[in-house]
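A quick write-up on the structure given underneath.
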Amino acid sequence: MAKSKKKQHGNKKSSKKEQQKQLRNIIGQANGQTDPLNSIPNTFCDDDNVNKNANNDNNSKQNNHVATIRHFASASLPPNILHQCLELFKTNMGDMYRESKWGLDVDEKLKELQHHDARFLVVVLSSTLTDNDSVTQHATATSIMSTMRTEESNNEVADDTTKSESVLGFAHFRYEPDDDDHPKLPITYLYELQINPSYQRKHGLGKRLMTIVELLSLKLQMKKVMLTVFHSNEAAMGFYTKRMRYAVDECSPSNFEGEENEGCDYEILSKALGGA
């Protein structure tokens with residue numbers, strides 16, 4: 001009988017190792033994706049509201065705007081895009097972090113954005129100014145989401161044309177285990193969802209980015225999406241819980257008693273994917 005129990009214990013340990021190996025493989029394959037947006041149907045992303053508004057420009061120089069969503073790994077994130085993402089975080093969240101127990105540490109946030117496992121969806125508005133009189137006054141803009149693949153910048157620009165890129169919003173997320181000490185599930189953790197204040201609540205960019213994060217996560221076998229939100233950030237809390245249907249996760253501090261959880265100023269929210 002004792003021998004039988006020992007054998008069962010051994011089988012459990014072996015099964016646990018296999019589960020952890022499978023978990024690592026799933027996360028490794030997810031992080032190894034080079035063109036994940038290729039799996040997202042273009043029809044899902046058709047929305048030209050931003051482009052129509054951006055191209056409503058009567059300047060003497062033709063102002064052509066094209067908004068696209070691009071995917072980046074941290075290693076391929078252009079410095080100008082990284083800088084704009086950090087500045088957007090400071091604009092939207094700086095005061096909340098200063099008032100929180102964490103405080104605002106910009107250097108630490110920069111390191112977080114540069115983490116080797118960091119992945120980004122960035123809404124980029126590209127503006128091209130040209131003096132060519134033959135260009136029609138009203139450009140027909142590409143749909144904001146129709147170009148869904150990671151784009152490579154073209155360094156060869158004509159002499160009479162200049163190009164600038166503005167970040168309208170971004171999502172920073174990572175594929176990782178649900179727990180550092182006792183990992184059981186592969187999950188996506190959303191570290192940041194930031195939208196330019198001028199485009200908030202007007203074009204559905206936040207919901208669109210979140211939906212794409214969820215679609216990618218589901219396709220890559222993540223079991224749920226998790227995120228952290230301040231209690232004081234009522235707009236974000238309402239967005240996640242009402243519009244995106246996230247709920248307080250079982251690991252959130254509000255579910256536990258103890259001095260370390262008293263007065264905690266944030267919640268951890270999550271949404272299960274694929275019936276997990």
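Just so you know, these numbers use all the heavy atoms, side chains as well, and skip hydrogens, waters and symmetry mates.
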Just so I know, are the side chains of [X] and [Y] near enough to count as touching, which here means a heavy-atom distance under 4.5 Å?
X: Thr68; Y: Leu125; answer: no
X: Ser166; Y: Gln84; answer: yes
X: Lys207; Y: Met244; answer: yes
X: Ile81; Y: Val124; answer: yes
X: Arg243; Y: Met210; answer: no
X: Asp179; Y: Lys184; answer: no
X: Leu269; Y: Met226; answer: no
X: Asn233; Y: Met93; answer: yes

Please give me the minimum heavy-atom distance between [X] and [Y], naming the atom from each residue.
X: Met222; Y: Ile26; answer: CE-CG2, 3.7 Å
X: Leu216; Y: Ser39; answer: CD2-OG, 4.2 Å
X: Ala171; Y: Leu190; answer: CB-CD1, 4.1 Å
X: His115; Y: Ser74; answer: O-OG, 2.7 Å
X: Leu37; Y: Arg70; answer: CD1-C, 4.2 Å
X: Leu88; Y: Gly169; answer: CD2-CA, 4.1 Å

Is the backbone N or O of [Y] less than 3.5 Å from a side-chain atom of [X], with the two atoms forming a donor-acceptor pair by type?
X: Thr91; Y: Glu87; answer: yes
X: Ser252; Y: Asp249; answer: no
X: Asp265; Y: His231; answer: no
X: Asp105; Y: Glu108; answer: yes

Could [X] and [Y] be called an ion pair, given the rule that one side-chain N must be under 4.0 Å from one carboxylate O?
X: Lys21; Y: Glu18; answer: no
X: Asp178; Y: Lys223; answer: no
X: Arg245; Y: Glu214; answer: no

Please round to the nearest 0.5 Å and tell me the distance separating atom [atom1] of [X] and atom [atom2] of [Y].
X: Leu227; Y: Leu193; atom1: CG; atom2: CG; result: 9.0 Å
X: Thr188; Y: Lys271; atom1: OG1; atom2: NZ; result: 12.5 Å
X: Ser100; Y: Tyr266; atom1: OG; atom2: OH; result: 10.5 Å
X: Ser270; Y: Leu185; atom1: OG; atom2: CG; result: 10.5 Å
X: Leu205; Y: Ile69; atom1: CG; atom2: CD1; result: 7.5 Å
X: Arg24; Y: Gln19; atom1: CZ; atom2: CD; result: 11.5 Å

Exercise. If you count the non-hydrogen atoms of other residues, nucleotides and ligands that lie under 6.0 Å from NE2 in His83, is the total more than 12?
Worked result: no
For this session: Step through the shown structure and confirm whether more than 12 heavy atoms of other residues, nucleotides or ligands are within 6.0 Å of CD on Gln22.
Result: no
For this session: Go through the steps for Leu82 and Phe170 under the test side chain to side chain contact (heavy atoms under 4.5 Å, CB included), then give the verdict.
Result: CA-CA 10 Å; Leu82 172 62; Phe170 73 97; over 6 Å; no
Exercise. In chain order, what residues pass the ring pair (Phe, Tyr, Trp, His ring centres under 6.0 Å) check against Tyr175, with sequence neighbours excluded?
Worked result: Phe173
Problem set entry | Whether Trp102 and Phe230 hold their rings parallel, tilted or perpendicular, with breakpoints at 30° and 60° | tilted
For this session: Determine, step by step, whether His71 and Gln33 satisfy the side chain to side chain contact (heavy atoms under 4.5 Å, CB included) criterion, reporting the C-alpha distance in whole Å, the side-chain angles of both residues, the deciding distance to 0.1 Å, and the verdict.
Result: CA-CA 11 Å; His71 177 276; Gln33 295 288 312; over 6 Å; no
Exercise. If you measure only the distance, is there a donor-acceptor pair under 3.5 Å linking the side chains of Glu267 and Ser254?
Worked result: yes
Exercise. So, Tyr189 and Thr228: side-chain donor and acceptor under 3.5 Å apart, yes or no?
Worked result: yes
Exercise. Only one of Gln200, Gln194, Arg201 clears side chain to side chain contact (heavy atoms under 4.5 Å, CB included) with Pro197; which?
Worked result: Gln200
Seminar exercise, completed: side chain to side chain contact (heavy atoms under 4.5 Å, CB included) with Ser217: of Val213, Leu215, Leu220, only one passes, and it is Val213
Exercise. Is the centre of the Phe89 ring less than 6.0 Å from the centre of the Tyr97 ring?
Worked result: yes
Exercise. After noting the C-alpha distance and the side-chain angles of Val248 and Ile268, does the key distance pass the side chain to side chain contact (heavy atoms under 4.5 Å, CB included) rule?
Worked result: CA-CA 6 Å; Val248 175; Ile268 297 176; over 6 Å; no
Problem set entry | Arg174 to Tyr191, cation-pi by 6.0 Å centre distance and 45° axis angle | yes
For this session: Assess whether side chain to side chain contact (heavy atoms under 4.5 Å, CB included) is satisfied between Leu86 and Leu113, documenting all intermediate values.
Result: CA-CA 8 Å; Leu86 182 62; Leu113 294 173; 4.1 Å; yes
